[in-house]
Structure formats: structure tokens, C-alpha cells
Amino acid sequence: MDFILLLLWLSLAAFLIATALVTMIRYRPSAAAGDEVPPCSIVLPIKGVSEFLESNLRALVRLAPFRGEILLAVASEDDPACAVIRRVLADGGNDAKLLIGEDADYANPKLRNVSKAYRAAREDIVVFLDDSAALEGDLFAELVNELKPGVVAVTAAPRGEDVRSFFSAIEAATCNGYLFRIQMFLEMFGLAAAFGNAFAFRKADLEAVGGFRRLQEGPCEDSAIATALRETGKRLTLLRSGVRRRIGRRSWRDIYRRHLRWASCTKVHDPVVFFVEPLIGGFVFNLLGAYVLSQLLVIPAANALLMSAALWYGTEVLLHLVCGWPLHFLSLPAWIARDVLQPVFMIGARLTTHVQWRGIFVAMDRDSVAKRQ
């Protein structure tokens, strides 16, 4: 039994090192954009006023190079985001417009909001964005230019930045140390996930496999659209640069709800991944390492735990240094908290049937039935 546990820990260590090395080799900042990009319709659903909403919108309406339109979707005229949007649009910039209203045909609150913008999009290339994503010109050019023959969609994994609290550092740790690292590895095999914070595709491709209604096949529209588009037989590409996710301040309630939603989406759309995820996290790695190293080297379990943790977090430090990602005094405690909390979020997701998304409860099942709070 001890041999099997040692083999398991060595396998997890090999996976950690392999995914980190692949990320360090493949990661690169966005290359300088040329002057020409194909026209596209950028669709940005907005609900409420997030910390960086206005600055992100100002950058978006001044995006260059750019050809096409920007459609800003808000569900209700009463949403305080409308005032911010109108203030930004009044200062001019790229062709941008505010669309207000909901499509009652959809249960998912985000789809109710996005539907009108998708229908209004006049360009074949559509780019879905999240209001927390900082879309620089170089990244935008990469997104739309990578839609080459044989590629059905282009997406970018989030890199957590602009951390302003300990709990936001935990979210950044999840993005950089888990999501980005593992997805960069999976992309080599054509298995990368889709990320709604930056997702470019051709409207004609989605219409060919059933249209916008395919996005309601489950509670998470980014997973649903990726599943639908892959039916074309073409490849989904993950950019090597990623997209900068501006996190700002988070409270414990914020990250609990956010991580619970992420884990619940995985439970519904990727049940195998949901089972495997805790096994490749830092909690299991270091707990297992403490036992097998203490047995192998005949040392106290505490010393063995330190050795295992040194490998895990040392690899993460090296990853950040090589990729040029920000490191600060909150990084290490946030990484440890992320690893300890991961099983909590996974257990919570297993037990939950509904999660809260910006004040609205969404059912975590294939029907994605939503009800207002």
C-alpha cells in the first residue's frame, strides 16, 4: 500500500512539474498587433457596477486596432451600470451602443441578457467578453486573427491581477496556479476549456449547430457553447497569452460564491474532471507527500510536509518568475488558503443544487432553471 501511495504522489509531482514546464515554455505576452483585423461584434453582458467597470469600458471603446461594433447588454434600465455606460459612451470612441432588456425564453439570467445582443450582432465574428477582462489591442487582435480555417473558436484563460485584498489573492491564485497552468497543458491535446471572459467565434458556425439556444444546455454558457461548436469537428484554440482578469477587492462571501459556482459548473458539465480536480490540488498532494516521504525517509511527518510543500510552492514561485506574473506578500498565504479551501468548495458543490450569480439563483443542472432571489 505504501508503494502505491508513493507511486501516486510521484505521479502527482510529475504532473505538477510537467504542467508548470509546459506553461513556462508556451506562455508569452500578446505580440504587437498589426493595423488590420477582421470586423467583429463584441458582446459584453453587464450586471451591476463592478470595481473596474468604467476603466475597462473606456479602454474597450478606445480599442485599437478595431473594426466593427461593441454591444453592451444590460437587463434592466434600473441597473446602475446604465449610468456608467452612458457616461463612457458620451465621450466617444469606437462604434458602441447600449442594449437594454431581457429575453424571457431563457431561464439562465445571463442568456436572457445576452440574447438581444447576439441577435443584433451584424458581423460574422462575435467576441464574448466579461466586464472584469482587460482587453488590450494586442490581445483583441490575437483573438480574432487566430480564427483561421480549422479553428472554430479562440479563447483565453484568465490571469488574475489587480489584487487588493487577501480573498482576491485567493481568486488570483486559483486562476494562475490552477486554471492557467492546467489549461495550457491540456491545450496541446485540443482539450482546453472555454472561458467566457474572452471568447471569439463565427456566428455562422454556431448557427450551423443549432444557434444561440445551444448555450442553454447546462448552467454554464461557456461550457455549453464550446460543446456545441466542437460538433463542427474544428479545433478550439487557447491563446498562450491569456487575458488579464482585474479582480480588485473580494470578500469571503464573494470568493465562496464564485468558487462554488465554478465547481458546480464543473460538476454538471465535466463530472470526470470534477472527480479528478481535488486529487491534483495542493491539499491532496501535500497531505499525501507528508505521509509517503515520512515513511520513505523515516523523518517526522511535519518535516516531510515541509519538503512536499517546498516542491509544490517552489514550482509555483518559479512559474510566476519565469512568466513575469506578479508576486507579493499575499501570494504564499493565498496559495496555501486556496489549497486548503479547494476540498471545501468541491464538497459544497456536490451538496448544492443552486448557486447565486449577482443576486439571482441559478439551478445547477442540465435544465439550468433559474429563479429570482
Side-chain angles (χ1 to χ4, degrees), residues 41-50 71-82 98-121 126-133 153 155 193-199 201 203 205-231 253-254 256-271 273-274 345-346 348-373:
S41 296
I42 293 179
V43 174
L44 176 60
I46 301 170
K47 181 174 175 57
V49 179
S50 57
L71 305 174
L72 307 174
V74 180
S76 170
E77 181 72 54
D78 297 331
D79 194 310
C82 290
L98 170 62
L99 303 178
I100 300 175
E102 289 189 289
D103 188 338
D105 290 340
Y106 295 93
N108 184 310
K110 192 170 183 179
L111 295 185
R112 288 201 299 265
N113 185 15
V114 174
S115 175
K116 60 183 178 294
Y118 176 82
R119 292 197 310 269
V126 177
V127 178
F128 284 162
L129 290 182
D130 186 272
D131 61 16
S132 67
T155 188
F195 294 93
N197 50 207
F199 189 86
F201 63 99
K203 199 171 185 179
D205 284 333
L206 183 58
E207 291 302 313
V209 293
F212 189 79
R213 289 188 176 275
R214 293 296 305 274
L215 274 68
Q216 65 183 342
E217 296 177 355
C220 305
E221 66 287 339
D222 45 4
S223 296
I225 192 173
T227 299
L229 288 172
R230 280 189 165 117
E231 292 179 6
R253 177 178 293 184
D254 292 332
Y256 178 76
R257 287 177 174 173
R258 188 175 297 269
H259 284 75
L260 185 65
R261 188 173 74 250
W262 291 348
S264 297
C265 285
T266 303
K267 177 185 70 173
V268 175
H269 289 274
D270 298 291
V273 174
F274 181 79
F345 298 139
M346 304 305 285
R350 172 55 63 191
L351 298 176
T352 194
T353 58
H354 293 74
V355 300
Q356 191 175 124
W357 178 80
R358 300 190 181 186
I360 301 172
F361 282 99
V362 180
M364 287 291 112
D365 56 47
R366 280 289 176 180
D367 296 327
S368 193
V369 178
K371 62 180 181 179
R372 293 197 179 276
Q373 188 176 23

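- Between E102 and A75, the shortest heavy-atom distance links the atoms CG-CB, 3.5 Å.
- Residues passing the side-chain hydrogen bond (donor to acceptor under 3.5 Å, both in side chains) test with Y118 are E207, sequence neighbours excluded.
- Side-chain contact between D103 and K116 is absent, with no heavy atoms from C-beta onward closer than 4.5 Å.
- Interatomic distance, CZ of R214 versus OG1 of T227, reported as 8.0 Å (0.5 Å rounding).
- K110 and P45 make their closest contact through CE-CG, 3.7 Å (heavy atoms, listed as atom of the first residue, atom of the second, distance).
- In this structure, CG on L99 lies 11.0 Å from CG on L44, to the nearest 0.5 angstrom.
- Side-chain contact between V114 and F212 is present, with heavy atoms from C-beta onward closer than 4.5 Å.
- Side-chain atoms of R112 never come within 3.5 Å of backbone atoms of D105 as a donor-acceptor pair (strictly under, hydrogens ignored).
- Without hydrogens or angle criteria, S264 side chain to L260 main chain gives a donor-acceptor distance under 3.5 Å.
- Side-chain atoms of F199 and L229, non-hydrogen and from C-beta on, do get closer than 4.5 Å to each other.
- To the nearest 0.5 Å, atoms CZ (R213) and CG (L111) are separated by 10.5 Å.
- The minimum heavy-atom distance linking S132 with D130 is given by the pair OG-OD1, 2.6 Å.
- Listed here is the closest heavy atom pair of F274 and A349: CE1-CB, 3.9 Å.
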- Message: Please determine whether side-chain contact (heavy atoms from CB on, under 4.5 Å) holds for the pair V126 and V43, giving the CA-CA distance in whole Å, both sets of side-chain angles, and the decisive distance to 0.1 Å.
- Response: CA-CA 7 Å; V126 177; V43 174; 4.0 Å; yes
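- Scanning both residues, I100 and C82, for their nearest heavy atoms gives CD1-SG, 4.0 Å.
- The two residues P219 and N108 make their nearest non-hydrogen contact at O-ND2, 3.1 Å.
- Atom CZ of R119 and atom NZ of K203 lie 9.5 Å apart (nearest 0.5 Å).
- At least one donor-acceptor pair under 3.5 Å links the side chain of N113 to the backbone N or O of V74.
- The aromatic rings of F345 and H259 sit parallel, their planes meeting at an angle under 30°, below the 60° perpendicular limit.
- Judged purely by atom type and a 3.5 angstrom limit, K267 uses its side chain to pair as donor or acceptor with the backbone of T352.
- Note that CD of E231 and CG of L206 are 10.5 Å apart. Values are rounded to the nearest 0.5 Å.
- Here F201 contributes atom CZ and I225 contributes atom CD1; the two are 4.0 Å apart, rounded to the nearest 0.5 Å.
- Side-chain atoms of T155 come within 3.5 Å of backbone atoms of F195 as a donor-acceptor pair (strictly under, hydrogens ignored).
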